[in-house]
Every structure is written in structure tokens, then in C-alpha cells.
2 protein chains.
Amino acid sequence: MTASLNTSIATPLSEALAKTDGPYQLHGLERAVSVLEVLSESEAPLSLAEICHRMNLHKSTAHRSLMVLERSALIERTPENRFRLGLKLYELGNRAVEQIDLRARVYPFFRRLAMDVRETVHLGVLQKTSVVYLDKVEPNRRICMSSKIGSSNPVYCTSMGKAMLAFQPEETIEKIVSSIRFTRYTPKTLCSREKLFEHLETVRRRGYAIDDEEIELGVRCIGAPIFNEDRWAIAAVSVSGPTSRITPQNVRAIAQRVLTCCREISASLGMRAKKKSHVASPFLTHYGS
Amino acid sequence: MTASLNTSIATPLSEALAKTDGPYQLHGLERAVSVLEVLSESEAPLSLAEICHRMNLHKSTAHRSLMVLERSALIERTPENRFRLGLKLYELGNRAVEQIDLRARVYPFFRRLAMDVRETVHLGVLQKTSVVYLDKVEPNRRICMSSKIGSSNPVYCTSMGKAMLAFQPEETIEKIVSSIRFTRYTPKTLCSREKLFEHLETVRRRGYAIDDEEIELGVRCIGAPIFNEDRWAIAAVSVSGPTSRITPQNVRAIAQRVLTCCREISASLGMRAKKKSHVASPFLTHYGS
DNA sequence: AGGTGTTGTACCGCATAGAGGGACGACCGC
DNA sequence: GCGGTCGTCCCTCTATGCGGTACAACACCT
């Protein structure tokens, strides 16, 4: 058999773009997901040609993908033959968070915290190397579907991200951190694996994380994890505000309130001990196996 | 060449499930979408075996799909190896409506209507044979992401659906109606193509549509379309309430308010006439080409 | 008008991606 | 222990879907 050599040689030439290489490949599907991502990043709807260009794809290939995606309503086309994300994604996405159902259970506590500190409060979960925003309350009103909700930011430069990361199993941290592609958003961004690990140590010691203008100058955030019964973080809550209001002087006071809130939430989520330990974290997006 | 016969014979045996048959096929992708749908319909996360069972799939095939979907974060797996929709869908879905950006522009009017009639008000758009709920206001508070938002109902038994359908181009109506699979939800549900067409005639005459307990007994809704400059419906607004409050006596009065609201919205959306007529409807999910 | 660049759509043959059979190892409860 | 289930992995063979290419419909220039 020539099989043994086969696998190692086959791939390199075939695809110009560096595809995710894993044991399980489904090129058509992967390409389709990329299309969705490209469309997601674009402000305006894109034409077939533009999509081909951005993805180095042949017309026919892209065309086929688009047709199928359109049939599935994952994308839709405007009258002038451009494509954008379809509303089916909205349906599916909402089902996704509905199934998790974290937001509804957290909301009451969450809201009280916002009233209390009179700053914007976020709820988020880990999603591979990003934190996804699930909810947001501003001191007065709940901002629904504000631009931020549903979007995501990197783990390493958000207080929620660091708070959750710090309280993950060793291997999970390792896996996540090693897939991070660091980008410097501000002079204060933690841009290396080492700095991040060091920082996580601090977070673990204090119990909360600070994003000190690491993603945007002038904005400081304090985040703390929500735990499941095994003390792994399954979500996080953060308070964000201008550096003028969240000053080094009052950080500790605010942090205490965030921590209290998170403790209440963790407790209320109940997570009564069940038979085995694999009730673990129904909320956390596990990274790899 | 044997090609000519080939196409017509090839399909019937290969797949047990009736797949959508169209010129462009990407089985891997289509299967993946089905997986997403299956997961979406399930309350609890599903195991590989369960998914195989529900979809008549071979273990390996399903497994491969799942692995790829998981890598793409379109699904995620719980610690006990079950699968559910992933939060990436949430991100993408939110991007989708953000790109449409209908909700934000409509909200002010929308809200006033709710205050005015003191009933629940919905905003929705057409999505093939369904109407997708984009927003909802209850008389007092805005219900964000209530269970309904993001979900969908059939066109033919909702006031918004019928309101939008009535004001579509002839061919669009034809295409949509002929893909409807009628289900009787209540004794009053319109269950045939003929009845629906007849009804649409009425809707066109009156300018608004009524859902008279056609999807749920005890609930009556009044919906009217939002137009683009070509007078095609791109969205709809509806008022829903118990039959005890929305009585045959006051339907007309409420309908007038809905109509007024929709007229204001249509006007405010501006849609200033641009060069060609293909500015048409950037919001409507066009059905087919 | 007539060329000359775009678009998007359609077809087709060949290489390869991926379906499905099946082995394997982990875990369950009898 | 054994029989059952589960998920993972691997290999073979063929139908799939990739990418060339041809074409049709426009838009834009001289």
C-alpha cells in the first residue's frame, strides 16, 4: 500500500489559502462557512465576483456555494444580485442562546448590579478565543441588541475574557491561549503568551480581572467569572466605564460588587450536584475534545 | 455519451430522505444545514447517535459533519458529548439583522403604536414561506429577545405574513404560495391555496390583514405592510391581542392606527428614488431569482 | 452603433473528496 | 465476566463537486 505516505503529501499544493487542517475535512462546508464569515465582515452586500476575489475562489465554485447557501436561507440576495447573511441565521442564532438560556436566569442580578454601580454591565461567554456578548444593561435602560450584543472580542484584552480564562482547566487554558493571535489594540494590550499567563495568575489571586484600556483607550472594565459547581467559569459579568469614573481608587470597591453579584448568580444557577462530574459546564463552549 | 439519461436516473435511489433537488448540489453542506435544523428543533442537546437516527445518516458521515461544524463553531458540544447550536450562529445572526438595520429605524414609530393601542406589537419580514419576528414591544416595556423574537411562523396564518404576501409581485406570490405546506393549527386556519388567494384579495382591498385565531385560538392580530418606494411590502407591523380586547367591533379602529403607523414608517424609510428601479427592496428576502 | 470590458449562469470531464462499511476501544449495566 | 451501547478512526471505491471553459446579458467607453 502507498497509503502511509499519501496523507502527508496530499494537502500542501491543493489549496492556496491556509485552510484549517484537521482529520475531518468537508471542503464544501468549510468554504461555505468562510463565505458566511466574509459576508459577516462586510458592511455592504457582496457580489459573486467580490466574494471570489476576497476568498481566492473560482467563479463556479463560489457560485455553487452561494446557490446552495441561498436555498438554505443562510444567505439571501438583493435584487441587484449581491449577497448578504440570511435571516435563517438569526433564527438559528436565537435558538442557540435560547437553548443555553443563561441570559434570562442571570438578568435580575445583572440588572441590580448595573443600577448599583451606575455603569454599563455586560454578560458574556467564552467562544474559543473570543468572548461573545450575550446581554448588556446600562444604568437606566436595558439596551437590547445594541451593536455590541451578539458580537465578540478577543479573550486576552477583555476583563470578561480574562476572568473566564483564568478559571478554566489547565488544558483548556493551554489550548485557548495557544490559538490566540495577538493583536495590539492599544499600548496597554497584553501581547504575549507570557504576559497573559502572568496576568491570569493575578486574576486567579484576586478573583476578578481588569481590562485597563487594553482594547480601547479611555475604557476600563472589571470582570468576574460565574462558576458552575466545579468552580470552572462558565460565563462572566463585567462593568465598563470611562477611566474618569472607573479610577484606580475605586476599582476595588466596584470589583467587590461585581464579585458579589457573580457569587449570587453562581449560587442561584444552582447546579445542584448530580451523580457524576460530567454535568460540568453545560454553558461553556469547550475547546476541542 | 450516456450523460443524457444519467441525471434523471441517478438521484432517486441514492438518498432515502427527499432532499431539495436543484441544479446546484453540495451534499455535505446541505446535510450540515439539516443538522443545524435538527439541533434547532430539539430542546435538549443531541448525541451523535440521536442525530444519526433523526436524519437516517451513517455514523461516520454524521460524525464527520459534526466535527467540521464544531470546528467552525456553528455547533458546540457539551461535556457529555452531545451537540447543540453554537454561539457563532448568534454572532452571524446578529450581523445579519444589523446589516438589514430595519429594526432601529422602525422602532420609534413602532413603539408609539404599542403605547397607543396598548397591545403587543410585532415587526417582521418575509423569509420564504415564513415570517421572521425582528422585534416586539409590549405596551409598557420592550421585550427584548423574548422567546418569539428571532423565531418564525408560517405566512398563511399570521397577519403580518398575509399583509406582506398580498403586496408582493405576482410571481413572488406564486412562488411562495406554491411552496407552502399547509397545516391546520385551529379550525379557522386557511388551509388551501384557494382560500389564501381569496383572502389576499381582501387584504389588498382593505390594506391590512387580520389573523382571526388562525394560528392560536383566542388570539387575534391585525397586520399591515411597510412599503418600499415601488409599493412592494418589505416588512410588516402587527398588533396582537386576546379576542376579548381585539373585538370585531374595534378591529377597524385599530387597523387604522396600524395603517397610519405603517404609512409613517414607509415614508420615513425614505427610499428616495435612485437612478434605476433596482434599488427596489434591500430588505425583502427575495424568493428565488 | 460596434467593440471591450465587465458581470452572472451553464455545462462537462477528470481527480479527489467524502460516503459508508467496519474495526476498535471506552464505557455502561447486567 | 459478557453483551450492549456509545464515539472515534481508518480504508476503499465511486459518485461528487472542482475548476476550466463557453456563453449570455449588460455597462461602459470611444
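The sequence lines fix the lettering, A, B, ..., with proteins before strands; numbering per chain opens at 1. All values below come from the heavy atoms of this structure, side chains included, with hydrogens, waters and symmetry mates left out. All values derive from a computational prediction rather than experimental measurement.
With hydrogens and angles left out, the side-chain atoms of Ser47(A) and Glu50(A) include a donor and acceptor closer than 3.5 Å.
Taking atom CD on Glu30(B) and atom P on dT16(D), their separation rounds to 12 Å, with Å as the unit. A straight line from CG of Leu48(A) to P of dT6(C) spans 15 Å, rounded to a whole angstrom. The nearest whole Å value for the distance from the CG atom in Leu57(A) to the C1' atom in dT7(C) is 17 Å. The distance from atom CE of Met67(B) to atom C1' of dG18(C) is 15 Å, rounded to the nearest whole Å. In this structure, His27(B) places its NE2 atom 10 Å from C1' of dG17(D), rounding to the nearest Å. For the pair Ile51(B) CD1 and dC6(D) P, the interatomic distance rounds to 13 Å; values are reported in whole Å. The nearest whole Å value for the distance from the CD atom in Glu70(B) to the C1' atom in dT8(D) is 13 Å. Rounded to a whole Å, the CE atom of Met55(A) is 12 Å from the P atom of dC18(D).
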Set out, line by line, the N/O atom pairs under 3.5 Å between protein and nucleotides 22-24 of chain C.
unit_1  : atom_1 : unit_2   : atom_2 : d
dG22(C) : O6     : Ser60(B) : OG     : 3.3

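Salt-bridge formation is detected for the pair Glu98(A)/Arg95(A): a Lys NZ or Arg NE/NH1/NH2 atom is positioned less than 4.0 Å from an Asp or Glu carboxylate oxygen. Ion pair Glu174(B)/Arg193(B) flagged as a salt bridge, since at least one NZ, NE, NH1 or NH2 atom sits closer than 4.0 Å to an Asp/Glu carboxylate oxygen. Of the charged side-chain nitrogens involved, at least one lies within less than 4.0 Å of a carboxylate oxygen, so that Glu30(A) and Arg71(B) count as a salt-bridged pair. Salt bridge status for Lys175(B) with Glu170(B): absent, with no side-chain N to carboxylate O gap under 4.0 Å. Residues Arg54(A) and Glu37(A) are not paired through a salt bridge, judged by the lack of any N-O separation under 4.0 Å between the basic side chain and the carboxylate.
Set against dT16(D), dG18(C), dG20(C), the side chain of Gln25(A) has dG18(C) as its closest nucleotide. If you check dT7(C), dT9(C), dC18(D) against the side chain of Arg77(A), the one that comes closest is dT9(C). Listed nucleotides dG7(D), dG20(C), dG19(D) differ in distance to Thr61(A); the shortest reach to its side chain belongs to dG19(D). With distances taken from any side-chain atom of His63(B) to the nucleotides dA17(C), dT9(C), dT8(D), the minimum falls on dT8(D). The listed nucleotides are dC18(D), dG20(C), dG8(C); the one nearest the side chain of Arg64(A) is dC18(D).
The backbone N or O of Met164(B) lies less than 3.5 Å from a partner atom in the side chain of Gln168(B), making a donor-acceptor pair.
Ranked by how close their nearest DNA chain C nucleotide is to the 5' end, Ser47(A) and Gly28(B) are led by Ser47(A). Between Leu26(A) and Ala49(A), the residue whose closest nucleotide on DNA chain C is further toward the 5' end is Ala49(A).
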